[in-house]
Undergrad: 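Questions regarding the structure given below will be posed in turn.
Each ligand, and each atom within it, is numbered from 1 in the order the structure gives. For reference, positions follow the sequence shown, starting with 1.
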Amino acid sequence: MSRLVVVSNRVADLETASQSGGLAVALEAALKENGGLWFGWDGNVVEDDAPLTPRLIEHNAIDIVTVPLTRNEYETYYLGYSNKVLWPSLHYRLGLLDYQSTFLEGYRRVNARMAEQLAKLIGPQDVVWVHDYHLIPLASELRKHGIGVRIGFFLHIPFPPPDVLVAVPDHAWLVETLFAYDLIGFQTSGDVANFQRYVTEQAGGTVGPGGQTSAFGRSIAVRCFPIGIDVDSIYEMAHTPQAEAQIQRLAQRALNRMQIIGVDRLDYTKGLPDRLRAFRRLLELYPGNIKRVTLMQVAPPTREEVAAYAEIRQELEGLSGAINGEFGDFDWTPVRYIHRAVPRDTLAALFRGSKAGLVTPLRDGMNLVAKEYIAAQDAADPGVLILSRFAGAAEDLEEALIVNPYDVDDVANAMQRALNMPFEERAERHQALLKRVRARDVRHWRETFLGALSRTGQCQAA
Ligand code: GDG
């Protein structure tokens with residue numbers, strides 16, 4: 001059996017993985033199965049002339065090999081090219097693209113260096129799974145070191161249409177490097193279609209049966225693998241005695257009030273200012289909600305060194321202050337805004353204790369919060385999911401109230417509908433959604449991707 005090698009920008013701390021959830025939990029089982037290796041950045045930033053020697057630790061039969069980034073690499077590869085060029089443009093936000101040629105140089109350099117360090121660790125029986133936009137050229141760099149084993153790539157964020165992608169100055173190079181993989185996985189069929197349109201329209205390639213995509217003299221498998229969650233673990237967290245007590249406390253404090261919940265990293269793709277404007281609109285259009293409904297928004301900080309993130313924080317603080325000033329009263333705060341990370345089990349309890357889950361990104365690869373909200377609900381009294389049509393999750397979760405996050409009236413009306421939805425309809429929608437979330441859970445995602453990778457054709461040594 002092949003050993004699995006996972007490569008991601010940040011290597012998760014497997015000691016605390018079950019607490020934090022995410023990719024670590026998703027991949028740990030697969031890494032354990034036949035012995036595994038996880039390679040990536042350890043999160044440390046060192047002086048430019050410091051040694052970048054890989055560090056090996058072992059955790060439950062998994063080898064974890066991490067490397068630091070130098071200050072220059074952090075600024076060009078991570079903050080620069082990954083988060084000021086690729087993140088905004090792949091989320092269709094060309095106005096936020098901040099391009100500098102030094103960013104590209106750093107991005108190429110770090111991918112080349114990581115490939116050189118990783119190539120020494122890859123054996124002839126291994127299969128390699130690379131994650132996300134930070135590492136697009138990694139396979140092409142590994143091939144330069146004679147690595148001929150199967151390499152798959154999964155993009156966690158959207159792939160935009162060609163008209164958007166061509167605004168990235170290095171689009172042709174980026175797409176060509178993707179052809180060094182044997183399999184590329186996207187979140188949705190929309191992303192696959194965008195990629196294949198680029199290949200046929202811009203790269204003179206072709207798309208064959210089953211999504212086999214050819215260009216640059218290579219033929220690779222391209223498919224969507226919508227990522228999912230571990231449904232039972234969220235359900236259990238939302239139903240522990242502590243969670244029950246927390247929900248009780250919330251209910252007592254809130255008297256007969258209802259709560260709407262939003263949970264998002266504070267990122268401009270998540271549509272948080274529009275969401276607050278929609279909540280204000282709810283209070284304007286339906287004043288019966290005044291003193292009755294609270295919006296709880298958890299928004300832990302991320303990437304604070306990127307200017308666009310500092311701006312969104314200010315905007316959000318201004319908006320929540322303005323709504324609370326305008327509508328709040330001695331005994332009611334309309335918006336509860338928490339700008340820090342909350343423990344995962346508390347989140348699960350908050351999901352369960354909220355009448356509506358508000359997931360309204362302007363663009364999102366998938367959005368796991370939407371699935372977590374469904375999984376945490378109590379079937380005897382389920383809440384209602386309000387979901388942006390621009391989240392990858394909307395391709396599957398049809399029974400949610402699907403909204404256009406740019407249209408504040410649409411979102412306000414959906415909130416009103418959710419808060420007043422009769423039990424039968426809530427239960428019916430929840431049952432259908434839970435079935436979907438279960439059918440495409442995280443295990444299904446991992447197994448279908450690795451299964452497809454193992455079936456890819458001839459390896460492509462350079
Ligand atoms: C990328 C893509 C894609 C959030 N706040 C707290 C907290 N979270 C957890 C959530 C959820 C995760 O973080 C966020 O996942 P999302 O999917 O919503 O979004 P991104 O971070 O942007 O992830 C996205 C995903 O990759 C997977 O492929 O779905 O589209 O952008 O699990 O619950 N967790 C804790 N405290 C918080 O305050 N513990």
Undergrad: Run the contact test for Trp87 against ligand 1 with a 4.0 Å cut-off on heavy atoms, strictly below, and give the result.
TA: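 Trp87 counts as a contact of ligand 1 under the 4.0 Å cut-off.
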Undergrad: Select one of side chain, backbone, both or neither to describe which atoms of Asn367 lie under 4.0 Å from any atom of ligand 1, heavy atoms only.
TA: both
Undergrad: Hey, which atoms in ligand 1 end up nearer than 4.0 Å to a heavy atom of Glu372?
TA: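 Listed by number with element: 10 (C), 11 (C), 32 (O), 33 (O).
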Undergrad: I want to know if ligand 1 touches Asp264 in the polar sense, i.e. an N/O pair below 3.5 angstrom.
TA: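 There is no such contact.
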Undergrad: Are a donor atom and an acceptor atom from the side chains of Tyr373 and Asn367 found within less than 3.5 Å of each other?
TA: no
Undergrad: Students often mix this up, so state it plainly: with edges at 30° and 60°, are the rings of Phe153 and Tyr181 parallel, tilted or perpendicular?
TA: tilted
Undergrad: Indicate, as side chain, backbone, both or neither, the part of Pro300 found under 4.0 angstrom from ligand 1 when only non-hydrogen atoms are considered.
TA: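 Only the side chain of Pro300 comes within reach of ligand 1.
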Undergrad: Asn9 and side-chain hydrogen bond (donor to acceptor under 3.5 Å, both in side chains): which single residue from Tyr77, Tyr133, Trp41 fits?
TA: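 When side-chain hydrogen bond (donor to acceptor under 3.5 Å, both in side chains) is applied between Asn9 and each of Tyr77, Tyr133, Trp41, only Tyr77 qualifies.
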Undergrad: With only distance considered, is Pro343 within less than 3.5 Å of ligand 1 through an N or O on each side?
TA: no
Undergrad: Only heavy atoms of Val298, strictly under 4.0 Å: list the atoms of ligand 1 that pass.
TA: 38 (O)
Undergrad: Can you sort out which atoms of ligand 1 are near Leu347, meaning under 4.0 Å from one of its heavy atoms?
TA: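 By the 4.0 Å cutoff, the relevant atoms are 6 (C), 7 (C), 33 (O), 34 (N), 35 (C), 36 (N), 37 (C).
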Undergrad: Taking the six-membered ring for Trp, are Phe195 and Phe186 closer than 6.0 Å centroid to centroid?
TA: yes
Undergrad: In terms of the angle between their ring planes, are Trp445 and Trp129 parallel, tilted or perpendicular, with boundaries placed at 30° and 60°?
TA: tilted
Undergrad: Which atoms of ligand 1 are found less than 4.0 Å from any heavy atom of Arg265?
TA: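 Per the distance check, 20 (P), 21 (O), 22 (O).
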Undergrad: Given Lys270, His156, Gln187, identify the one with the heavy atom nearest to atom 20 (P) of ligand 1.
TA: Lys270
Undergrad: For Glu305 and Asn83, test the side chains for any donor-to-acceptor distance below 3.5 angstrom and give the result as yes or no.
TA: no
Undergrad: Looking at non-hydrogen atoms alone, which of Val342, Val263, Val359 comes nearest to atom 38 (O) of ligand 1?
TA: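 Among Val342, Val263, Val359, the closest heavy atom to atom 38 (O) of ligand 1 comes from Val342.
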Undergrad: From the options Ile229, Thr269, Asp364, Leu368, select the one whose nearest heavy atom is closest to atom 16 (P) of ligand 1.
TA: Leu368
Undergrad: Under 4.0 Å from any heavy atom of Gly365, which atoms of ligand 1 are there?
TA: 30 (O)
Undergrad: So Phe154 and His156, would you call those rings parallel, tilted or perpendicular, with 30° and 60° as cut-offs?
TA: perpendicular
Undergrad: Can you tell me how far apart CG (Leu31) and CG (Asn60) are? Round to the nearest 0.5 Å.
TA: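 Those atoms lie 11.0 Å apart.
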Undergrad: Near Arg344, which atoms of ligand 1 are under 4.0 Å from a heavy atom of that residue?
TA: 32 (O), 33 (O), 39 (N)
Undergrad: List every atom of ligand 1 that sits less than 4.0 Å from any heavy atom of Ile227, numbering the atoms from 1 in the order shown and giving each element.
TA: 27 (C), 28 (O)
Undergrad: So if I count the atoms of ligand 1 from 1 in the order they appear, which ones are less than 4.0 Å from some heavy atom of Val369?
TA: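 Matching atoms, with element in brackets: 10 (C), 18 (O).
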Undergrad: Do any N or O atoms from the side chain of Arg455 and from the backbone of Gly451 form a donor-acceptor pair under 3.5 angstrom?
TA: yes
Undergrad: To the closest 0.5 Å, what do you measure between CZ (Phe39) and CD (Gln117)?
TA: 5.0 Å
